[in-house]
Structures are given as C-alpha cells and as structure tokens.
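Start at 1 and go down the list; that is how both ligands and their atoms are numbered.
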Amino acid sequence: MERLPFIAGNWKMNKTVEEATGLVRELKTSLSGVKDVEVAVAPPFTALYSVSQELMGSSIRLAAQNVFYEEKGAFTGEISPLMLKAIGCQYVIIGHSERRQFFGETDETVNRKMKVALTHGLNPIFCIGETLKEREEGKTFSVIRRQIEGGLQGLGENEMKGVVIAYEPVWAIGTGKTATPEQAEEVHRFIRERLEKLYSPEIARGVRIQYGGSVTPENIRGLMGQEDIDGALVGGASLKAESFSRIVRFREM
Ligand code: PGA
C-alpha cells in the first residue's frame, strides 16, 4: 500500500499571532506546487484561529499541539477537542515527549486524549519514543511496546485508520543528534510489527509513521529513503519557511 508522506511542523511555544500568520503566508508561497506530500503546521493555541483563516483554500493542514480529554466544563486552562474542531484543526499532536516529561502526561492520559480526539473527528499524531537512559539500558523496544499498548488501548481498527504515529527518540529532540536512518527504521519496523499483532496486516501497512528529532533539510532524504519511515514531525527546522519547505520538498533535493 502506498502511504502518502506526511510532514508536520511542530512550532512548540514559539510565534506570536503576527509571526505565525507571517510564517504561514511564506509557506503558502514556498510550498505551492508541492504534490504527493501532505503538510501540516501546529502553531501554539493563541495563533490557531488566525492561521486557520490564513490557510483557507490552501492544502496545508492545521494541527494543534495538545488537547484535553473532556469536552467542556470546569478545567481551567485546558482546550477541548470541540474547540479545535470548530476552528478547522484536522490533526492534534498527542503525548509529545515534552508533555510527558514536563506536564505529567502518562500512557493513560494519552490514551484518554486519543479516544476523545477521534470521537470528535480529529486525527491524532500519537508520539512515542525512548529516553537516552532507556536506550542505553537496552529498553527501547519494551518502552515503545508499552507506549503503543497503553496509548492505543481500546482503539478499534476503524479508529486506527485515523491515527498517525510519530516515533521521536527523546535523545534526538532539539539536540542536533538525529537517529541514523537505520536506527530509526529499526524502531519504525518494530512499531509496524506491533500494529500487525494488535490489529491486522492491513492496518499495519496503512498507518503512517513519522520520525521526529532534529530533522533537517540535510538529513530528511536519508530518513525518507527507509521503507517504514513515512514522514517527519519537525520542531526547530519548521520555524523558518526556508528550512521547512526544503524538508517538504525532500524529493527535489
Ligand atoms: P526538533 O523537535 O525537530 O526540534 O528536534 C521535534 C519534535 O519535538 O517534534
């Protein structure tokens, strides 16, 4: 099965509304004519609405960086899936390692977020990945397995068709240390094998698995050349139109 490459930019806690709309305007120009790659941007919450207005009529999709697992109510500071859907978000990043590390997210809360996102028609970009310590202790595969089983708990085959997985080794995020294409592929293949065991060969073949962690215009091609790497979740290099566009245009490099 042909999987459409999917490159998403995670802007994290960067960009005011003005900066965000400026960047997306540049991206519309620099990415015009790009075919056969799906592209999404994930601005901070405060810029989502303005960016969604700016993206009207464009093929660039809108993603949020987080969501809460309730629809509404007394949850000060949280954002509901209904609110994201209402302003045109199609994707939502769930379980990013920074959320797990700094904001106490667990496999269980991640799982609740996955379910509520899917219920409201948002496609999760479900993030998993091991820390340096876990890798050095030889625990990479058991950690990935635990995160997959915990995060996807109770999701059926139909729901899985709406899920994108992002493998992001924590030691490669924002550090300039990318996993080699072979190191990443080894884990991507393992993830696909797990999906086959948990679901079916069809689901395993269809789910897109992005790599994330210090992706740049220089290393994207090698990563995309691997059989089980279907795209990238890009942090730092997504903050400038020039570098993000070069990543999206990986085939032309
Ligand atoms: P990075 O971030 O590209 O800056 O390493 C990736 C991510 O955290 O999604």
Side-chain angles (χ1 to χ4, degrees), residues 5-15 19-20 23 27 37-45 47-48 51 60-67 89-105 110 113-114 117 122-132 134-135 140 143-144 147-148 151 163-181 183-184 187-188 191 208-224 226 229-250 253:
F6 181 28
I7 310 278
N10 173 12
W11 296 358
K12 307 192 181 184
M13 199 175 73
N14 295 290
K15 308 285 177 194
E19 290 164 348
L23 174 54
L27 286 176
V37 182
E38 186 176 356
V39 179
V41 291
F45 285 128
L48 277 177
V51 169
I60 302 172
R61 322 258 190 205
L62 189 63
Q65 298 177 16
N66 184 24
V67 66
C89 284
Q90 178 177 342
Y91 289 99
V92 57
I93 298 171
I94 294 181
H96 190 279
S97 66
E98 286 149 20
R99 303 277 337 153
R100 294 179 191 253
Q101 225 178 317
F102 306 130
F103 303 99
E105 294 204 9
V110 166
K113 292 180 176 198
M114 295 287 292
L122 290 163
N123 298 117
I125 298 176
F126 166 51
C127 301
I128 55 180
E130 80 288 359
T131 62
L132 183 59
E134 289 163 341
R135 175 161 282 259
T140 299
V143 168
I144 295 294
Q147 290 174 334
I148 293 179
V163 173
V164 173
I165 298 179
Y167 167 58
E168 301 202 297
V170 179
W171 48 272
I173 296 179
T175 57
K177 267 197 239 166
T178 338
T180 63
Q183 268 176 326
V187 180
H188 281 235
I191 295 168
R208 290 180 295 178
I209 309 175
Q210 296 176 316
Y211 168 80
S214 299
V215 172
T216 63
E218 286 70 39
N219 60 30
I220 183 68
R221 227 186 131 98
L223 290 160
M224 291 304 289
Q226 299 294 319
I229 301 183
D230 308 312
L233 183 56
V234 186
S238 72
L239 296 174
K240 290 213 166 78
E242 199 259 342
S243 45
F244 189 61
S245 307
R246 283 170 64 205
I247 292 171
V248 171
R249 293 179 179 277
F250 66 92
M253 313 245 308

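Within the 4.0 Å heavy-atom criterion, both parts of I173, backbone and side chain, lie near ligand 1.
A distance of 5.5 Å separates CD1 of I93 from CD of Q65, quoted to the nearest 0.5 Å. How far CD of E134 is from CD1 of I144: 8.5 Å, rounded to the nearest 0.5 Å.
Within ligand 1, the atoms closer than 4.0 Å to a non-hydrogen atom of H96 are 7 (C), 8 (O), 9 (O), numbered from 1 in the order shown. Ligand-side atoms of ligand 1 in range of G174: 1 (P), 4 (O), 5 (O), range being under 4.0 angstrom from any heavy atom. Residue-ligand proximity, G213 to ligand 1, at heavy-atom distances under 4.0 Å covers atoms 5 (O). For ligand 1, the atoms sitting less than 4.0 Å from at least one non-hydrogen atom of N10 are 9 (O), numbered in the order shown with element in parentheses.
In this structure, A237 falls outside the shell of residues with a heavy atom less than 4.0 angstrom from ligand 1. The closest approach between any non-hydrogen atom of A172 and ligand 1 is below 4.0 Å. Residue-ligand proximity: G212 is placed with every non-hydrogen atom at 4.0 Å or more from ligand 1.
Regarding atom 2 (O) of ligand 1, its nearest protein heavy-atom neighbour is K12 NZ, 3.2 Å. Looking at atom 3 (O) of ligand 1, its nearest protein heavy atom turns out to be G235 N, 2.8 Å. The nearest heavy-atom contact from the protein to atom 7 (C) of ligand 1 is E168 OE2, 3.1 Å. Ranking protein heavy atoms by distance to atom 4 (O) of ligand 1, first place goes to G236 N, 2.8 Å.
Partner E168 forms a side-chain contact (heavy atoms from CB on, under 4.5 Å) with one of Q210, E98, H96 and no other, that one being H96.
Distance alone, capped at 3.5 Å, places no donor-acceptor pair between the Q226 side chain and the L223 backbone. R100 places a side-chain N or O within donor-acceptor distance of the main-chain N or O of G95, the cut-off being under 3.5 Å. Distance alone, capped at 3.5 Å, places no donor-acceptor pair between the S214 side chain and the I173 backbone. Between the K177 side chain and the G213 main chain, no donor and acceptor come within less than 3.5 Å of each other.
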Open item on the list: Using the rule given for side chain to side chain donor-acceptor pair (under 3.5 Å), can you reason through E38 versus Y91, listing the C-alpha separation, both sets of side-chain angles and the distance that settles it, and then say yes or no?
Closed with: CA-CA 12 Å; E38 186 176 356; Y91 289 99; 2.6 Å; yes

